[in-house]
Every structure is written in C-alpha cells, then in structure tokens.
Colleague: 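For reference, the structure I am asking about is given below.
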Amino acid sequence: KALLLLNLSSNKFSGGIPESICNITNLQVLDISSNDLTGPIPAALNKLNFLSAFNVSNNDLEGSVPTVGQLSTFPNSSFDGNPKLCGPMLVHHCGSDKTSYVSKKRHNKTAILALAFGVFFGGITILFLLARLILFLRGKNFVTENRRCRNDGTEETLSNIKSEQTLVMLSQGKGEQTKLTFTDLLKATKNFDKENIIGCGGYGLVYKAELSDGSMVAIKKLNSDMCLMEREFSAEVDALSTAQHDNLVPLWGYCIQGNSMLLIYSYMENGSLDDWLHNRNDDASSFLNWPMRLKIAQGASQGISYIHDVCKPQIVHRDIKCSNILLDKEFKAHIADFGLSRLILPNRTHVTTELVGTFGYIPPEYGQGWVATLRGDMYSFGVVLLELLTGRRPVPILSSSKQLVEWVQEMISEGKYIEVLDPTLRGTGYEKQMVKVLEVACQCVNHNPGMRPTIQEVVSCLDIIGTELQTTKLN
C-alpha cells in the first residue's frame, strides 16, 4: 500500500519543510497549511509527479515558488498567507519589481525621505525630464519598436515588418539550420489555401506545405485568440525544440508574423490514427491488422514515456487521443501537440482552471477541478488502447449508445473479453495478445488515478506482448 493523502495542517509545526516528503512518491494530496513553517519551498517536491492538491498557505515561508515542474501548476490560493513568498502566480513577482517583505516602519521612513527629496530637487528633476523629452523626440526615428529576440540572438522590428524579413529558424537535429521567410511559407501553402488544410482542432488549423526544395512540412497556424505572449511563446518553443525522440513529431521551427504564430513540423504521410480507425474505407488497404496496431501502441507509449520521464521539466500532454497520434510512411507512431499544453495555458499560468482535452478522453478527476497530472495522461492513453482493440470511437455517434470506457468495463464484468474486440480482428490467432493489452487498457482507465500504471509500466507490458507476438509469428 502507498500513502496517497497527507494532511498536517493546523498543527503548529515550525522549521523548514523537510525534503524527505519527496520520498512519498505516490502522494496525491499534501496539506501543510496554517502552521509556523519557515524557509523556502524545497524544489525537490517537484518529484511528487502525482500530486494533484497542494497547500502551504498561512505559514511564514519565503523565497520563490518553483516556476517549473508540478508545483508551478497550483493556484495562488495554495500559497496565500506567506508574505515573503514571490512568484508569477502571486502578488509579489520575484525580482520584477524588486518587491520584498519590509516592515511598515521602514516603508514610512522611506516615504518621508522620498517626499523631502522630491520637494528639494523638484525643480532640477523637471528640467532634466524636459531635456530628456527633447532628446527623445529628436531621436524618435532611431528607436526600434516592439523588438523581438530570435534564436540567433539578434533583434528585429515586429511592427510593420515585411514578410521577406521574417526569418524562421529551422533546426532539423543534424546540425543544420535553414532560414525561411514568411513569404516562403505563404508560397508553400498557396497563401494558406483551404485546399491544403490537413487537420483542425481547438488550437488551430494544420496546413500541408511543399517547400522550394520539394520537402514537405506541416504548418500549424495557432488561433489568434490564444493568450500567448511573444516572449513566452519564443522561450517555450525553444525549450520544446530540444525534445527530440523517434516517436514525437519533430518541431522544425516557428514563425511570428504580426498576430500570427506558426509552428512548423515534419509532415506525416499516413495522417492520424483516428483516420485509420474511424474514417477508413471498406477496402483491405485501409485495414490495420493487429501486429500493426500493436506496433502503433508501442511507439505511442514510448513517445509518452519520453515526455513524462525524460523531459526536464516533465510535460503533461493533456490531450492524448488518436487524432494526435500521427503515422509516417512506415506507420511509425508519433505523438503530436505534445508541447501545446505548455504553450497554451488559461490566464497565462500553469494552472488548469478549465477542462482541457477532448470529450471521451478526459479523466473523470478533471471534472472535479483537479490539476492535470501524468496519471491523467494515462487515462487518455488507455482510451486510445481501447480504440485500437475495439475499433470504436470513445463517444458514439448515437447518443443512445454507451461511451467506450463504460461499455468495455460492463462487457469485461460479464466475462465477454472476445466480444469486446474489433470484429475484423477476431479469429486472426492474436486473441491471447489482444486480451492482455485489453487488461492493460482497463488498468489505465481505472477511475482511481492512484491505481493507474505509469507509462513506463505500460511500455514494459507492451514490449513483452510484442515479443510474444513475434514468437507466435515465427512458430
């Protein structure tokens, strides 16, 4: 058994927060509010990856609240009543306004001195400001407005910029960099013609683009109403460009042109898994057999494992679904949109204040206002596994039918394992392996987040099943 909830509030504890708490790795709720705790919040608490509720309010903590990792996802109410704490979600922003905790006496003394100096040097200050104003007006034409930083460290004007001057830095992971202009992207998409749209979603439209050298890329044009600050967007994209794995859709680069923000990805020839499962034709060429489906499940799980376990800070996807699993010409699975959960956040914070995701894939605990966690991603991936096994959509077209998870759980409770499987997969000789994957999927969609497996556990299970499958084929 594992400890999931620890409530030590209102116990008059003093001293610092012990870092040994981070050893309780399965902890989901930590409440140490209303004590006399002092010192900083240990960054080691970010190791509590399954933490969904956190409260250190009404103590005497100081320093900055971690801006990355799990602790950065909690609302300011989790830190209230600690006047010496600072952070982007609090009233005091660390270093931005040089705010610090000062006594009222010192504040009053400073105010009196400021008033005295203001009266004494008022005339001199006014003359100085007038001189500065004259210099500013004369040099107005030389001031660069709305500068932005690019990957190469240079700055350029964003307002009134010409399309030919908007460079897109593309890093292809081979030590090569290609410079494109916004005009190049317009030509490649035929001015973002609707005929080149290959995907759409809550974040924006995706266009197919053929570059001048014949190479193909996919360009995601983010919705203009997304709350994205230019500096934040550039910094996050730069961080995400380092997340390189065989089962993630490679991010080539980005472009900021006026109010338009574009992301450039590798083009996936075989589209999305959703198309192959739910929009297929009746001919045999559009049918995914079980070995192919298992290969896709393995690849997708390895991509999720990378963003959960390897990326620093870890990335909670929040929208894992079949349409975000793209397939290249060899049908290798690639996780898409794995960084948009970091780029696009409600109210420009890391707090999940609204349901994020796609109906049918959203974990039940998200409806209770819980913060997005790695275990939430596991629920969504469990739904994907069920789709691969059953061929059914998460939410049926007919409202009278049951949702996929509910239907599968009901069938399993009646012992109808084979009846759950896609009719096109039955009788193919792979039923034993498919039932094992079904058991893994059911664990992933467990209503209790603490009972769901980690992605690494799922990867290991799928690898074992894949080895058995290869042995079966050889025999």
Side-chain angles (χ1 to χ4, degrees), residues 272-280 287-305 317-327 333 335 357-367 374-399 401-426 428 430-449 451-455 457-462 464-466 469:
S272 73
L273 176 59
D274 185 83
D275 290 333
W276 285 87
L277 289 179
H278 307 308
N279 299 313
R280 63 191 182 197
F287 170 72
L288 291 177
N289 59 28
W290 175 245
M292 186 68 73
R293 297 190 194 197
L294 181 59
K295 172 187 174 182
I296 292 171
Q298 288 179 283
S301 68
Q302 290 163 5
I304 297 171
S305 176
H317 192 290
R318 300 199 300 177
D319 199 18
I320 293 173
K321 56 184 177 181
C322 284
S323 59
N324 275 338
I325 298 176
L326 305 184
L327 308 172
I335 301 295
T358 302
F359 190 53
Y361 296 91
I362 300 175
E365 66 269 19
Y366 283 16
L374 303 180
R375 298 279 181 167
D377 277 358
M378 294 311 303
Y379 181 93
S380 302
F381 185 62
V383 177
V384 171
L385 291 178
L386 292 180
E387 288 181 84
L388 285 166
L389 289 161
T390 66
R392 294 187 173 213
R393 294 181 181 275
V395 180
I397 297 177
L398 298 177
S399 58
S401 302
K402 294 181 179 179
Q403 292 189 25
L404 178 58
V405 172
E406 181 185 1
W407 175 76
V408 169
Q409 291 173 338
E410 182 178 299
M411 294 289 284
I412 295 301
S413 67
E414 299 174 1
K416 299 178 180 179
Y417 290 86
I418 301 302
E419 290 83 348
V420 164
L421 304 178
D422 190 332
T424 61
L425 297 177
R426 300 174 198 169
T428 57
Y430 299 115
E431 286 82 0
K432 182 179 179 180
Q433 287 80 21
M434 286 188 282
V435 169
K436 289 183 177 180
V437 175
L438 178 60
E439 293 173 349
V440 174
C442 289
Q443 293 175 25
C444 291
V445 295
N446 192 302
H447 190 81
N448 183 352
M451 299 299 293
R452 297 171 197 157
T454 65
I455 188 59
E457 291 172 334
V458 172
V459 169
S460 299
C461 290
L462 294 179
I464 293 173
I465 297 171
L469 179 65

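Heavy atoms only: backbone and side chains are in, while hydrogens, waters and symmetry mates are out.
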Colleague: How many angstroms lie between CD in E457 and SG in C444, if you round to the nearest 0.5 Å?
Modeller: 9.5 Å
Colleague: Does the side-chain contact (heavy atoms from CB on, under 4.5 Å) test come out yes or no for I325 and V384, once each step is laid out?
Modeller: CA-CA 9 Å; I325 298 176; V384 171; 3.7 Å; yes
Colleague: List for me each residue that meets side-chain contact (heavy atoms from CB on, under 4.5 Å) alongside I464, sequence neighbours excluded, and say none if there are none.
Modeller: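 For I464, the residues satisfying side-chain contact (heavy atoms from CB on, under 4.5 Å) (neighbours in sequence not counted) are E468.
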Colleague: For a quick test of reading the model, state the closest non-hydrogen atom pair linking L277 to C322 and the distance between them.
Modeller: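 In this case the closest contact between L277 and C322 is CD1-SG, 4.0 Å.
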Colleague: Holding to side-chain hydrogen bond (donor to acceptor under 3.5 Å, both in side chains), I want the full list of residues that pass it with Q298, two or more places apart in sequence or in another chain.
Modeller: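 For Q298, the residues satisfying side-chain hydrogen bond (donor to acceptor under 3.5 Å, both in side chains) (neighbours in sequence not counted) are D463.
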Colleague: Answer yes or no: is there a side-chain heavy-atom contact under 4.5 Å between V459 and Q302?
Modeller: yes
Colleague: So how far is it from S323 OG to L273 CG, rounded to the nearest 0.5 Å?
Modeller: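 Going from the OG atom of S323 to the CG atom of L273 covers 9.0 Å.
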Colleague: Looking at residues at least two apart in the chain, or sitting in another chain, which of them share a side-chain hydrogen bond (donor to acceptor under 3.5 Å, both in side chains) with R393?
Modeller: N279
Colleague: How many angstroms lie between atom OG of S460 and atom CD1 of I465, to the nearest 0.5 angstrom?
Modeller: 11.0 Å
Colleague: Taking side chain as C-beta onward, heavy atoms only, is L438 less than 4.5 Å from L386?
Modeller: yes
Colleague: Looking only at atom types and distance, does a side-chain atom of S305 sit under 3.5 Å from a main-chain N or O of S301, one as donor and one as acceptor?
Modeller: no
Colleague: Contact between I412 and Q409 at the side-chain level, heavy atoms closer than 4.5 Å - yes or no?
Modeller: no
Colleague: Determine the minimum heavy-atom distance between P396 and Q403, stating which atoms define it.
Modeller: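 Of all heavy-atom pairs spanning P396 and Q403, the closest is CD-CA, 3.9 Å.
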Colleague: What distance do H317 atom NE2 and M378 atom CE have between them, rounded to the nearest 0.5 Å?
Modeller: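 One gets 13.5 Å once the value is rounded to the nearest 0.5 Å.
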Colleague: Find out whether L389 and M434 are in side-chain contact, i.e. whether some heavy atom of one side chain is under 4.5 Å from a heavy atom of the other.
Modeller: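 Counting from C-beta outward, L389 and M434 do come under 4.5 Å.
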Colleague: Could you walk me through whether E419 and M411 pass the side-chain contact (heavy atoms from CB on, under 4.5 Å) check?
Modeller: CA-CA 8 Å; E419 290 83 348; M411 294 289 284; 3.7 Å; yes
Colleague: What closest approach, in Å, do P453 and V458 show between heavy atoms, and which atom pair accounts for it?
Modeller: CG-CG2, 3.8 Å
Colleague: For L385 and A441, work out which heavy atoms get closest and say how close.
Modeller: CB-CB, 3.7 Å
Colleague: For S272, check side-chain hydrogen bond (donor to acceptor under 3.5 Å, both in side chains) against everything at least two apart and list the hits.
Modeller: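 S272: side-chain hydrogen bond (donor to acceptor under 3.5 Å, both in side chains) contacts with D275.
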Colleague: Going from CZ on R318 to CG on N324, what distance comes out if it is rounded to the nearest 0.5 angstrom?
Modeller: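 Between atom CZ of R318 and atom CG of N324 there are 13.0 Å.
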Colleague: Pairs in or reaching into residues 288-297: which pass side chain to side chain donor-acceptor pair (under 3.5 Å), with residues at least two apart or in two chains?
Modeller: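 Qualifying pairs, neighbours excluded: R293-D422.
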Colleague: Compare all side-chain heavy atoms of P363 with those of S380 and state whether any distance is below 4.5 angstrom.
Modeller: yes
Colleague: Does any non-hydrogen side-chain atom of V435 lie less than 4.5 Å from one of I418?
Modeller: yes
Colleague: Does Y379 reach the side chain of P364, with side-chain heavy atoms less than 4.5 Å apart?
Modeller: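 Of all side-chain heavy-atom pairs linking P364 with Y379, at least one is under 4.5 Å.
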Colleague: Which pair of heavy atoms, one from P291 and one from L469, lies closest together, and at what distance?
Modeller: CA-CD2, 3.8 Å
Colleague: Got T390 and W407 here, is their nearest side-chain heavy-atom distance under 4.5 Å?
Modeller: yes
Colleague: Only counting residues at least two apart or in another chain, list the ones meeting side-chain hydrogen bond (donor to acceptor under 3.5 Å, both in side chains) with Y361.
Modeller: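 Expected list: E387.
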Colleague: In Å, rounded to the nearest 0.5 Å, how long is the span from CG of L288 to CG of L327?
Modeller: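 Reported to 0.5 Å precision, the distance equals 7.5 Å.
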Colleague: Which pair of heavy atoms, one from A297 and one from F381, lies closest together, and at what distance?
Modeller: O-CZ, 3.7 Å
Colleague: Take V445 and V383 through the side-chain contact (heavy atoms from CB on, under 4.5 Å) test and state the conclusion after the steps.
Modeller: CA-CA 7 Å; V445 295; V383 177; 4.1 Å; yes
